[in-house]
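Residue numbers begin at 1 in each chain, while the letters A, B, ... track the order of the sequences. Hydrogens, waters and symmetry mates are skipped; everything else that's a heavy atom, side chains included, is used.
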Amino acid sequence: MDFNDTPEEAAFRAEARAWLEANAEPLAPGEQPASLEGRFDPEMVRKAQEWQRKKADAGWACITWPKEYGGRGATPIQAVIWSQEEARFKTPPNIFAIGQGMLGPTIMVHGTEEQKRRYLPPMLRGDEIWCQLFSEPAAGSDLAGLRTTAVRDGDDWIINGQKIWTTGAHYSKWGMIVTRTDPNAEKHRGITYFIVDMQSPGIEIRPIKQMNGMSSFNEVFFTDVRVPDRNRIGDVNDGWRCALTTLMNERHAIGGGAGGPEFRDLFRLARTVLWNGKPAIQDAGVRQRLADFYVRAKGLQYTSYRVQTALSRGQTPGPESSIGKLVGAPLRQNMAAFALDLEGAAAALLDRKAPEGALWQLAYLGSPGLRLAGGTDEILRNIIAERVLGLPPEIRVDKGIPFKDVPTGPRP
Amino acid sequence: MDFNDTPEEAAFRAEARAWLEANAEPLAPGEQPASLEGRFDPEMVRKAQEWQRKKADAGWACITWPKEYGGRGATPIQAVIWSQEEARFKTPPNIFAIGQGMLGPTIMVHGTEEQKRRYLPPMLRGDEIWCQLFSEPAAGSDLAGLRTTAVRDGDDWIINGQKIWTTGAHYSKWGMIVTRTDPNAEKHRGITYFIVDMQSPGIEIRPIKQMNGMSSFNEVFFTDVRVPDRNRIGDVNDGWRCALTTLMNERHAIGGGAGGPEFRDLFRLARTVLWNGKPAIQDAGVRQRLADFYVRAKGLQYTSYRVQTALSRGQTPGPESSIGKLVGAPLRQNMAAFALDLEGAAAALLDRKAPEGALWQLAYLGSPGLRLAGGTDEILRNIIAERVLGLPPEIRVDKGIPFKDVPTGPRP
Amino acid sequence: MNFDFSDDQKLLRENVRSFLAKEAPLTLCRQVLETDGKYSTTLWQAVAAQGWLGTAIPEKYGGAGFGRLELAVIAEELGRVLAPIPFGSSVYLASEALLVAGTEEQKQRYLPRLSTGEAIGTLAHFEGAGDPGNRSLKSTVRNGKLSGEKTPVPDGEIADFALVTAKSGRDFGLAIVDLHTREVQREHLDSLDPSRSVAALRFERAPVEWLGGRPCGWDTLQHIFDRAAVLYAFEQLGGAQRAFEITREYTLNRYAFGRPIASFQALKHRLADWYVELELTRSNCYYGAWALSHEAPELAVAACGARVSATNTFELASKEMIQMHGGMGFTWEHDAHLFYRRARYLAAVLGPAPVWRERLVTCLERREEAS
Amino acid sequence: MNFDFSDDQKLLRENVRSFLAKEAPLTLCRQVLETDGKYSTTLWQAVAAQGWLGTAIPEKYGGAGFGRLELAVIAEELGRVLAPIPFGSSVYLASEALLVAGTEEQKQRYLPRLSTGEAIGTLAHFEGAGDPGNRSLKSTVRNGKLSGEKTPVPDGEIADFALVTAKSGRDFGLAIVDLHTREVQREHLDSLDPSRSVAALRFERAPVEWLGGRPCGWDTLQHIFDRAAVLYAFEQLGGAQRAFEITREYTLNRYAFGRPIASFQALKHRLADWYVELELTRSNCYYGAWALSHEAPELAVAACGARVSATNTFELASKEMIQMHGGMGFTWEHDAHLFYRRARYLAAVLGPAPVWRERLVTCLERREEAS
């Protein structure tokens, strides 16, 4: 048991670090990496694309992808090492993650050879940015309850409906959309998956303002939007199977809420904030809470070491890889709540004058979103219970009947 | 807002207290009342019957019952006052509660006039003790899943099967039993309710040893036990409706785990046990925990004042009356766990040399039972959710099919 | 046993509730929050016109002469609608402090204007992050002049006067300061709950007089905070209860997988637990109200109990409200964040929650030692 | 990154598990528990014959010369079967203490007999309820004679010798005491977990020598406890994991309302949460094992982390095991209470859990100040 690279890993790490040092600037100590959250300006998109192209030219983009699409066929542990190293440098926010992490892999599995050749290389280079059009106002955790329709019209399909929680819709070239193509079929059987040009007429994009004032997501409205049949992924009415591939990759794309304060920040706060003239950390009650937070945060970190170890050994990581967000998101919220307790009355400030520049106020306002985005706590528990522990699935009242007959609200 | 009796209540309380003072000995300060838990000896049963007869003769038994059966038609608040006053005196454990609290009321609602006249007066006087034969090994929370059968044979019924968690089976004259009389009917529709003579041939009673070493319950085995049809309560196959009346009264009969240590005992322990030479209560972490326990324990106590207030005003108490056991049982377990934390290594002793004579060790071993008996935490949450909050019932896969076809285990 | 509000008080509640349903929909809170309007002057005037500001102020000072039970009833209802007004600062803190510790002259000077809402008062105690104990308080009064900085001060931007905690040599007291004088600088601070305004106040030799005519001592501040804690606890209870009602309704009407989401035990059992917390908190609040209205020696313990319980429960409620609403609950447009912010504001306004737990146990120890 | 046991260690685990499946079914634990037999001599001899007692003892002292990772593997397996033997007292405490702080002569004298199981050792530190700090310890050594009382002492009734914490003037050390001498009185105490024996030991001028030849100081005791904490944490993890597996199986096979009870989210989601706690604890335990096996400066922090995590999780597991088994889980016949008792025994054996949390933060502060 140790934390060292194997000789091969060490060599790969050195190679990655050498290239990064030659092409990027390291983060200063304590400096936070650029966050995806917040408003996008075109300049930031341009810089992100520039960096992505530079990586692609040198063979450092999507390194696990096959060489024919621009990757280098790297192993999963090499991908981990690369991202560890890249995280030490000042880089633009990664606006390509959804495409490269979820949609590209879906195309690789379900796309035609022509689709792969057309879409994957510019996705890898960042020339074309992608967004995901899955959730709907009435289809969140119950994604297969989607109602956006696609109706065949000659060689095209006509799409109508509304999608929501779409990251980056306004700067994306392409979107991957799931639509209902047969409302008379069972819920999961009448769904078809398309690639849609986000500049098509009939698409309207509205940013969603979150409770923390940020806008990371959009609503996207479709009114008679035309998509050619050649943009279909998989067979007609077989889209749910393709969508599952996308969702399986989502866990990798959405982390445990990277960025934002961590245990060490809480520890620092407890050492600096004063209660009746003494640092709060001198209070034994504060210490009890700190210990529990520490153990939880470290448990999560060491669990990621176990996952890396499996990858390093060429094994598939065990189910422990699925606990990250379920532990991390509530932990962030609870640490923030406790930090605000420590701050006392000053917790009421969302102001530059707040302790630590309102670090914990912002975390408190942002953390509820972490518990919802990319699978709610409740959905994650169901996934762990069913897929990891083999417990029975939920009893379904929406199976075995046509989708249009599935209840969607209380009877009047 | 005050905590005073109304003039009528005060008069009633004075009357009750006067009789008790003349007929019983007050508990010494700090003395615990006799507990139901533990082994029964015939002498204790005899003393309990003696006390009950004394009360009955003076009109202080089952005071809310109608006068015709020996009660005095008292109001619910008078019953509360009486039991508050009686609790201040040294009395034998109440071995009649199940009969008087649950079964008597059921007979009053569903019994024939003849049954009422035959059974209620000796029940009230304690001449005949009753037990309840509901749960079965495979029918606990799902009580209606019972499999004990009763088959008609002329004027009699023949009962076969096994009941469990029966308090006082070995000293009871009568039992109230729910049986399956039509396995082809839907689960809740083929059940019939009987009074069974516990001295009948074919009944075998075995005490259950609990994890804390006590034996408060029994298993009762029925082999071809004969019950005359005149002992039937309610119609054939209509027993579930009668059983619901019994269960509705169960909440009143089973308290929040009376007896055993309380917050003040925890407070005392924290003030006396030493950590590095200082009382543990000087540790701020201990104080934080104590505060939370106090608030919870008091919240429960003040809630009972609200219930009493409603009764005092002649109103039906609100749903707040249903939270007692759900809060009290886990609170007991958590307080015990914390008390053992305070004791440190000595927590490992279940010995007269343990701190406070192993008060908290015994509470820790006993409290899991409180969370299960008389409705598990989970069943209580369902009851609150459905009956109090009006949330939807569970989806049932055991309805609309004959009982015999309800799945009872994994398919082989 | 009479541990509930009276029929008259329940009637008052109904009246207050239906009045606020009209005058203070959640859109009003949102409006103040979004426009940074400090507070709703229209609601303030409407509430003043109802006489609620003087609920517990004796008639001779222009109040209605009711008791604290009536004030608790109103507080719960204001909590339900997240009322965007300086009610707490001006009534629970400033008016109550004057009633408890003011000289007759001070009462006559301030209370009538507080009852009508002409004047807004507040209490300024905190000096930045953490908790300033008796030992570490920095603001000082010398020769009748106050110097120091207080932050955050609830409604400090809009109040006309403040009771400011300060040391004077070894003494401690509450100094009454007119906030319109030159020697007071006010600075707007962005609030975590912008429907409730906070400010920094800087005093440079501002002329003051002591509340009660002389330094009142630390225990009086604790007593004032205890009284306020009970009333704030009713606001917290009201907010938590309203969040529960909105959420329960939503889970019954929101369908997923062909079922109302309230039918999933994951939510159903948590709603049951949430209900249980509300009932326990309500009981603790009632006990606080009893102790407050009876000036009972149990007040300190009762106030700490009500505050700890209500703070926990409003935090739980505001978290669960968002979580059970799913993604919609995280949007700006949804009302859930109004509750989430208010819960935090009310948790902060009387200092760190752990300090209240600590104090509760201190009170229990004192009681034990006295007995 | 190599943060897992090696293939050899995993093979060891398989061997240990299948050996214990035969030699130490839960009925063995129950048998000791019900007969108050102090420990299973047959299992003790079998374990000794496997060489496990000397796993981490160098060959020159008669051990197998493996490392602490192998010992951790064995500890987890012993935890899974709730082994009713004095393995922890004799191996994690006595043997490790001798290895860490004994003189060469002491090692040669005791370790060979400890490896074979001929001798059983233990460590006697606690003096009744609470936690005896350096300041308040009462046992003393004067002129090479120990006086005092230790209670509870794990396996004090069956051990041949004990390392006893004691003061000598201002010094603190561990005194080695032969428990068969007249000057030692042993008293059986009833254990909360009667499958693990505890006793009171009274010393009246019992002849001793210091572990290491002289008073070793308080830090050495802490270090010995840290090492033991990691190994006990693996026992706790094993117990919690086994409780989980039994319970998961039960909820799949127990039907109510026509469905396996595992299909109700009330249990399903709690099983998921329980699984999460097991994984977090496993990771913290691994970190402890790494630090222990590398004699890393992080050992103190790692040991506190493993202990806090494992103690919490075994308590949770043993509670949930009973609750999810329903009424049957509360019976004497069911194995759930064996886990419930063992969880408490292991939580108690190294002193109060809050003290471990406190110490964790102290270690973090020291690290911070050093950096």
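For B:R264, no part sits under 4.5 Å from any heavy atom of chain C, backbone or side chain. Of the atoms belonging to B:F293, not a single heavy atom falls under 4.5 Å from chain C. Looking at C:T362, both its backbone and its side chain come within 4.5 Å of chain B, counting heavy atoms on both sides. Looking at B:V327, the atoms closer than 4.5 Å to chain C (heavy atoms on both sides) all sit in the side chain, from C-beta outward. The parts of C:F5 that come within reach of chain B are both its backbone and its side chain, each placing non-hydrogen atoms under 4.5 angstrom from that chain. Using a 4.5 Å cut-off between heavy atoms, C:R259 touches chain B through its side chain atoms alone. Contacts of C:P260 with chain B are made by side-chain atoms alone, with heavy-atom separations under 4.5 Å and no backbone atom involved. Contact annotation for C:Q265: only side-chain heavy atoms (C-beta onward) come within less than 4.5 Å of a heavy atom of chain B. Within the 4.5 angstrom heavy-atom criterion, only backbone atoms of B:N4 (N, CA, C, O) approach chain C. Neither the backbone nor the side chain of B:L311 comes within contact range of chain C, judged by heavy atoms closer than 4.5 Å. Using a 4.5 Å cut-off between heavy atoms, C:S263 touches chain B through backbone and side chain atoms alike.
A centroid separation of less than 6.0 Å is found between the aromatic rings of B:F3 and C:F3.
Crowding of C:F66 atom CZ: a count of heavy atoms from other residues, nucleotides or ligands under 6.0 Å not exceeding 12. Within a 6.0 Å sphere centred on NZ of C:K10, heavy atoms belonging to other residues, nucleotides or ligands number more than 12.
Atoms CG and CE, from C:N2 and B:M1 in turn, are 8.0 Å apart once rounded to the nearest 0.5 Å. Taking CG of C:L360 as the start and NZ of B:K298 as the end, the distance is 10.5 Å to the nearest 0.5 Å. A distance of 12.0 Å separates OG of C:S309 from OH of B:Y294, quoted to the nearest 0.5 Å. Atom CG of residue B:L389 and atom CH2 of residue C:W274 lie 11.0 Å apart, to the nearest 0.5 angstrom. Taking OH of C:Y287 as the start and OG1 of B:T303 as the end, the distance is 13.5 Å to the nearest 0.5 Å.
Looking only at side-chain heavy atoms (C-beta outward), B:R271 and C:E368 come within less than 4.5 Å of each other.
The closest donor-acceptor contact from the side chain of C:E358 to the backbone of B:A284 lies at 3.5 Å or more, if one exists at all.
When B:E386, B:Q288, B:Q301 are compared by the number of non-hydrogen pairs under 4.5 Å with chain C, B:Q288 comes out ahead. Interface check for chain C: of the options B:I281, B:L326, B:I81, the most heavy-atom pairs under 4.5 Å are formed by B:I281. By number of non-hydrogen pairs under 4.5 angstrom with chain C, the leading residue of B:R289, B:E9, B:R296 is B:R296. Of the listed residues (B:L300, B:L391, B:D2, B:D292), the greatest number of heavy-atom pairs within a distance under 4.5 Å of chain C belongs to B:D2.
Residues C:V361 and B:A291 come closest through the heavy atom pair CG2-N, 3.9 Å. Considering every non-hydrogen atom in both B:P392 and C:L252, the closest pair reads CD-CD2, 3.7 Å. The shortest heavy-atom contact between B:G299 and C:L280 is C-CD2, 3.6 Å.
C:D4 has no carboxylate O lying under 4.0 Å from a charged side-chain N of B:R306, or vice versa, which leaves the two without a salt bridge. Taking a cutoff of 4.0 Å between a charged side-chain nitrogen and a carboxylate oxygen, B:E394 and C:K268 qualify as a salt bridge.
Partner of B:I323 under the side chain to side chain contact (heavy atoms under 4.5 Å, CB included) criterion, chosen from C:L278, C:V276, C:D273: C:V276.
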For the pair C:E365 and B:Q282, evaluate side chain to side chain contact (heavy atoms under 4.5 Å, CB included) and give the outcome as yes or no after the intermediate values.
CA-CA 11 Å; C:E365 287 178 307; B:Q282 290 185 21; 5.8 Å; no
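Remark: the B:N382 side chain and the C:H269 side chain contain an N/O donor-acceptor pair separated by less than 3.5 Å.
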